[in-house]
J.: 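Please see the structure below; I have some questions.
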There are 4 protein chains.
Amino acid sequence: MPTPVQPRAERMRAQLRDEIVQAAAEVFAERGYHRTAIADIAGRIGVGNSSIYAQFAGKRALFDAVIDDAMRGVMALLSADNAPATADTLEAYEGQVRRIATGFATALGEDPTVLRLLRTLLVESDGVDEELADRAAAFTDAAAQMTSAYLRHGVTRGYLRADLDVDATGRVVNAMVFAVALDLARQGATPEEAERTVDATLALFFTGVRG
Amino acid sequence: MPTPVQPRAERMRAQLRDEIVQAAAEVFAERGYHRTAIADIAGRIGVGNSSIYAQFAGKRALFDAVIDDAMRGVMALLSADNAPATADTLEAYEGQVRRIATGFATALGEDPTVLRLLRTLLVESDGVDEELADRAAAFTDAAAQMTSAYLRHGVTRGYLRADLDVDATGRVVNAMVFAVALDLARQGATPEEAERTVDATLALFFTGVRG
Amino acid sequence: MPTPVQPRAERMRAQLRDEIVQAAAEVFAERGYHRTAIADIAGRIGVGNSSIYAQFAGKRALFDAVIDDAMRGVMALLSADNAPATADTLEAYEGQVRRIATGFATALGEDPTVLRLLRTLLVESDGVDEELADRAAAFTDAAAQMTSAYLRHGVTRGYLRADLDVDATGRVVNAMVFAVALDLARQGATPEEAERTVDATLALFFTGVRG
Amino acid sequence: MPTPVQPRAERMRAQLRDEIVQAAAEVFAERGYHRTAIADIAGRIGVGNSSIYAQFAGKRALFDAVIDDAMRGVMALLSADNAPATADTLEAYEGQVRRIATGFATALGEDPTVLRLLRTLLVESDGVDEELADRAAAFTDAAAQMTSAYLRHGVTRGYLRADLDVDATGRVVNAMVFAVALDLARQGATPEEAERTVDATLALFFTGVRG
DNA sequence: GATGAATGAGTGTTCATTCAT
DNA sequence: GATGAATGAACACTCATTCAT
């Protein structure tokens, strides 16, 4: 029964790191990047400031880690068990989109932090760093291209308009989805409002892209 | 021939105020709220810091004034000589919307500052103040309600889908329009890209809302 | 009677700058570079920390300014109204050297700060910066070359040993002079001790270099 | 056959202590006192920070130990198998001094650490502690007195100037020697430069003190 | 009325030292 | 006995705001 070397210390270190990222996510989401002080984050989990610096190179690096987590979460919601090349009919595609939208809405209801973080990233990146602004741009671009891939598949299969500008429409749809999500995340929207907004979005989207 | 009291002083004062707002708009648009220092603004027009404090209560109040101007500009572009109750046919409505979109695109090309400011407002408001976040929300709400009014008129006139959820759709369309505008404003998009994006947006919108 | 533009403000600014440099010189001389906090300097003249940053880019820049002053002072003592090519006999040279040494000793007695600063520079430069270490080295090199010039003149005139290695001896003499000065500056040496030390140094030096 | 208590543990402890002092000497010599972090030293020999605190009361105490070692080394070089009362003629004395100087130069070439440490002590002591400054002063005093003892012996024996101020000259010569050594230690001086400098120093010294 | 020099509170970051494991 | 994770005090620097001139 070989005991791994320093199993406890490592586990505790990783655990503290997670706690820090979690606390940082909350505070950054609540107050934004600039108004968040390292001491706020450290204080929330009852550790000293320097315990954060033992794990992260600085405030910016911590924010990066937080954003990484949030992006992973959003990407997971976006892709889930769905893939661009899955749907073969408009109905199947609509089901797919509804599932993704429902996943979003559910995640939104259960843990608004990830969406508030997304908001913080997309909204404050300019005010922080050129590099962060680039990351935010790269993220939206990636999401837009994923959307475009879905659309392209639909055009190929014939259940979406043949003359659809898939690249431009992918960007537009993506922007719309993010904007709606951010708007809903802004303040506790009631589930009914969310439902109506999602319905309206899907109606706009589907009737629009139908071939 | 009534002479206003202190006419010259007042005019100079008002002129300085305009200069300050103009310079502040530029710097805030370039660098965002947090990275802008009062000294940057004062330096740009060659006055002392305290000349700004003689006219505005503080950085926040100055930003408010700048945002007021920008909002007025955007609202003017949105309403122009158009009004919700003007169009009576789908074609007329489409013409109206295209005119507004063209106005936006032209303004974007000629003076990106107002849109960059809008971006700053919508994107950084969270990181500044609860109150500013509320103002940003109020602004988007007002714009959404204006859009909803257009849609309601179309439904009443019968050239838009009868079952359209005008409130929810107004919000969605509004979010989409802002998101697209902000995305285009992000970095010098070429006119062709802008054109394609606007076309895609309108195509999505119109085919979608048609009754 | 034209009044210069902003004469008072400029004079006050320059005056404050001098006060800061003076206070910084004292504190740096007392406590060395690392143990001196900006607040110590600001506190000594009763101004806020940021008043220092209004005039100097940072702690390092302030130290540079202090060192500049000290170097100027030392160089003035070293050159004074004497020049390498002045003395034509051993007696004249000895008189010249005694005058310089006396100037040093007097300055040492009246204001030990400049020598303590010299000590700080020569002693702490390594612990601060590569660049500062280079400055210190450049300073000692310059002083050594000045000494070598004196020696070379004496060899040419024939009142110093013909086989004198003027470059190496210049470095050695220079090092000896600095070391003695620093040693005397270390703690309030009595005038008698200083006198004896200077005499011993000159005796060593002159009997040694005589041709 | 008495077995010492915990012989292995003690030996290991002593060995670790030596390793620490050795590593500390290297790092202090390379980076000076202030720029050296305890973690640097611990990291160099792959132990935890607290292993150092188990053996030394703190950074200052460790530096003391390092300096003790270095001083012992320098003192050994200075005295070697020579003693103040050994030489009876000027030629014998000159040989003695040359041997010491050669020993220094050789040690300098082979292991610059001890001289760099000496430099660190003499140069940074002010910036650390009053007490350390005192130690440095005590060290230079001791060395100066040793030099004075040599000189006094020479005067007694009659091969040095009868009117030599042995105390003051001892301090001066000592300062010169240290200054030259430190200057040579500053950066890799070539052996030729070192040779010329040593020659010049000895020439200055001997022709100077000859009776 | 306008100026700009001065302020001082606030922040990110470092590092010698301690202590639970 | 050794570890290294955690601490918290200290410090350089920024900038919105004020006030003497």
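Quick caveat, the model's predicted, so the values are computed rather than measured. Chain A is the first sequence line, chain B the second, and so forth, proteins listed ahead of strands; every chain is numbered from 1.
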J.: Measure from the side-chain heavy atoms of D:Ala37 and tell me the nearest of E:dC15, E:dG12, F:dA16.
T.: E:dC15

J.: Between C1' on F:dA6 and CZ on A:Arg17, what's the gap in Å once rounded to a whole number?
T.: 17 Å

J.: Please state how far atom CZ in C:Phe56 lies from atom C1' in F:dT14, giving the value in whole angstrom units.
T.: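 After rounding, the gap between these two atoms is 18 Å.
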
J.: Give the minimum heavy-atom separation between D:Asn49 and D:Ala42, together with the two atoms involved.
T.: OD1-CB, 3.6 Å

J.: Mapping B:Tyr33 and C:Tyr33 to their closest nucleotides on DNA chain F, which lands nearer the 5' end?
T.: C:Tyr33

J.: For the side chain of B:Asn49, counting heavy atoms from C-beta on, which of F:dA6, E:dA16, E:dA5 is nearest?
T.: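 Of all the options, the side chain of B:Asn49 is nearest to E:dA5.
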
J.: So that I can tick it off, tell me whether A:Asp64 and A:Lys59 are bridged by a salt bridge, with the cut-off set at under 4.0 angstrom between side-chain N and carboxylate O.
T.: no

J.: Which heavy atom in C:Ala61 sits nearest to a heavy atom in C:Phe56, and how many Å separate them?
T.: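 That would be O-CD2, 4.3 Å.
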
J.: Answer whether the closest heavy-atom distance between the side chains of D:Phe63 and D:Thr36 falls below 4.5 Å.
T.: no

J.: Would you kindly give the CZ-to-P distance between D:Arg35 and E:dA16, to the nearest whole Å?
T.: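 Roughly 13 Å, once rounded to whole Å.
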
J.: Let me know the distance between CG of B:Asp40 and C1' of F:dT14, rounded to the nearest Å.
T.: 12 Å

J.: Return whichever of B:Ala39 or D:Ala54 has its heavy-atom-nearest nucleotide of DNA chain F closer to the 5' end.
T.: D:Ala54

J.: Can you figure out which of F:dC13, F:dT17, E:dT7 approaches the side chain of B:Ile38 most closely?
T.: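 Selected nucleotide (nearest to the side chain): F:dT17.
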
J.: Can D:Met71 and D:Arg135 be said to form a side chain to side chain contact (heavy atoms under 4.5 Å, CB included), step by step?
T.: CA-CA 11 Å; D:Met71 279 188 181; D:Arg135 276 197 75 187; 4.1 Å; yes

J.: Please report, rounded to the nearest Å, how far the C1' atom of E:dT13 is from the CZ atom of A:Arg60.
T.: 16 Å

J.: What's the OH-C1' distance between A:Tyr53 and F:dA10, to the nearest Å?
T.: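 Atom OH in A:Tyr53 sits about 14 Å away from atom C1' in F:dA10.
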
J.: So, do B:Leu132 and B:Tyr33 sit near enough that their side-chain heavy atoms are less than 4.5 Å apart?
T.: no

J.: On a heavy-atom basis, which atom in C:Ala25 and which in C:Leu117 lie closest, and how many Å separate them?
T.: CB-CD1, 3.5 Å

J.: Return whichever of C:Gly46 or D:Lys59 has its heavy-atom-nearest nucleotide of DNA chain E closer to the 5' end.
T.: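 It is C:Gly46, whose closest nucleotide lies nearer the 5' terminus.
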
J.: Which of the following nucleotides, F:dA6, E:dC15, E:dA6, is nearest to the side chain of A:Ser51?
T.: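 The nucleotide sitting nearest to the side chain is F:dA6.
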
J.: 5'-most contact on DNA chain E: A:Ala57 or B:Gly48, nearest heavy atom basis?
T.: B:Gly48

J.: Using atom CD of B:Gln15 as one end and atom P of E:dA2 as the other, report the distance to the nearest whole Å.
T.: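 It is 12 Å, rounded to the nearest whole Å.
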
J.: With pairs defined as Watson-Crick or G-U wobble and both distances under 3.5 angstrom, please note down DNA chain F as a dot-bracket string, | for pairing with another strand.
T.: .||||||||||||||||||||

J.: Can you tell me the distance, in whole Å, between the NE2 atom of C:His34 and the C1' atom of E:dT14?
T.: 12 Å

